[in-house]
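Please read the structure below before turning to the comments.
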Amino acid sequence: MLFGAFEAAAAPVLPRPKPRVVVLPRSKQRGDVVADDADDADDAVVDQRRRADCVLVERRIQYGYKFADARGTPLLPIVLDHRLGRGRGPGDMAKQLPTRRTDVRHLRAAGCVGGFETIYTGVVYKRKDQDGRREFLCWNVQIRQVLAVPLDRAEAFLQDRRVLTHGSGKSKFELTSIERPTRRDVSHAMGNACRYPRQIVHGPAEYAFATMAARSGRRISTTFGSFHGNHEE
């Protein structure tokens with residue numbers, strides 16, 4: 001009931017909530033330079049200066065999709081392929097869930113100079129029945145992004161319509177920013193983005209296998225812009 005989807009294949013949703021924007025105070029952790037030799041120290045100083053001139057933004061958008069469509073075709077692989085630009089999804093998915101390339105283009109136009117994205121795929125269950133069993137409700141698909149924005153563009157970026165909206169579908173939206181992030185802030189943001197889907201470890205085996213099968217062979221994570229390992233250029 002918390003997530004959006006598309007046409008008849010969608011899970012039921014509540015009215016779209018307003019994006020929750022959280023601005024965190026500057027971290028108390030000082031990004032001290034620790035290096036074994038002069039070259040490493042120089043690189044660390046440059047890295048510290050770059051972080052001092054930017055704002056780190058964590059952007060998370062959450063959707064929900066049924067396990068399969070009316071024909072019994074699993075939807076999770078279709079959702080991932082659509083997001084990755086490997087195939088157009090059915091119905092209104094193109095409007096409700098933008099492709100990664102479109103999303104990156106909008107973010108860069110709004111002022112983002114680089115970022116990382118990964119796709120989290122979890123499961124939402126209905127309440128337990130009298131026998132203690134949990135019934136599948138919908139896939140929990142989250143677009144998780146860690147973005148770098150120049151300090152002088154951050155205020156406009158955090159108010160930009162292209163940043164505060166995501167397609168036309170109903171979704172649960174969260175945006176968090178940290179001014180002048182330390183190395184620990186960056187590591188923490190990346191760790192949050194890359195956290196494993198819970199059902200792979202704790203959930204029923206059938207959903208763990210379905211998740212791994214859907215993710216197999218697909219580039220779930222990528223970087224763009226000033227981040228290393230650019231796959232979007």
Set of residues satisfying side chain to side chain donor-acceptor pair (under 3.5 Å) with respect to [X], sequence neighbours excluded:
X	value
Arg144	Gln142
Thr73	none
Asp152	none
Asp103	Arg59, Arg83, Gln145, His166

### Query
Residues in salt bridge (charged side-chain N to carboxylate O under 4.0 Å, His left out) with Arg105, at least two apart?
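Salt bridge (charged side-chain N to carboxylate O under 4.0 Å, His left out) check on Arg105 returns nothing, list empty.
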### Task
Check salt bridge (charged side-chain N to carboxylate O under 4.0 Å, His left out) between Arg218 and all other residues, then give those that pass, not counting sequence neighbours.
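Per chain and number, Arg218 pairs via salt bridge (charged side-chain N to carboxylate O under 4.0 Å, His left out) with Asp81.
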#### Entry: Val79 and Ile119, any side-chain heavy atoms less than 4.5 Å apart
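They are not in contact (no side-chain heavy atoms under 4.5 Å apart), so the answer is no.
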### Query
Do Arg100 and Phe224 have side chains that get closer than 4.5 Å, going by heavy atoms?
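No; the side chains remain at least 4.5 Å from each other.
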Closest contact, heavy atoms only, [X] versus [Y]:
X	Y	value
Leu56	Ala189	CD2-CB, 3.8 Å
Ser221	Thr118	OG-OG1, 2.7 Å
Ser177	Leu158	OG-CD1, 3.7 Å
Pro77	Pro74	CD-O, 3.7 Å
Cys138	Gly64	SG-CA, 4.1 Å
Leu97	Tyr63	CD1-CE1, 3.7 Å

### Task
Determine, step by step, whether Val186 and Ile178 satisfy the side chain to side chain contact (heavy atoms under 4.5 Å, CB included) criterion, reporting the C-alpha distance in whole Å, the side-chain angles of both residues, the deciding distance to 0.1 Å, and the verdict.
CA-CA 9 Å; Val186 176; Ile178 303 177; over 6 Å; no
### Message
Going by the rule side chain to side chain contact (heavy atoms under 4.5 Å, CB included), which residues pair with Ala110 if we only count those two or more places apart in sequence or in a different chain?
### Response
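Listed in chain order: Phe157, Asp160, Arg162, Val163.
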### Message
Restricting to ring-ring contact (aromatic ring centres under 6.0 Å, His included), what partner residues turn up for Phe136, sequence neighbours left out?
### Response
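Only Phe67, Trp139, Tyr207 meet the ring-ring contact (aromatic ring centres under 6.0 Å, His included) criterion with Phe136.
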### Message
Does atom CZ (Arg153) have a neighbourhood of more than 12 heavy atoms from anything else shown, all under 6.0 Å?
### Response
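Check fails, neighbour count at 12 or below.
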### Message
For the backbone of Val113 and the side chain of Ser226, can you confirm whether one donor and one acceptor N or O come within less than 3.5 Å of each other?
### Response
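Yes.
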### Task
Output yes when a side-chain donor or acceptor of Arg195 lies under 3.5 Å from a complementary backbone atom of Tyr120, and no otherwise.
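Side chain of Arg195 to backbone of Tyr120, a donor-acceptor pair under 3.5 Å: no, none is there.
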### Task
May I have the step-by-step check of side-chain hydrogen bond (donor to acceptor under 3.5 Å, both in side chains) for Thr121 and Arg215, ending in yes or no?
CA-CA 9 Å; Thr121 51; Arg215 296 166 65 93; 3.3 Å; yes
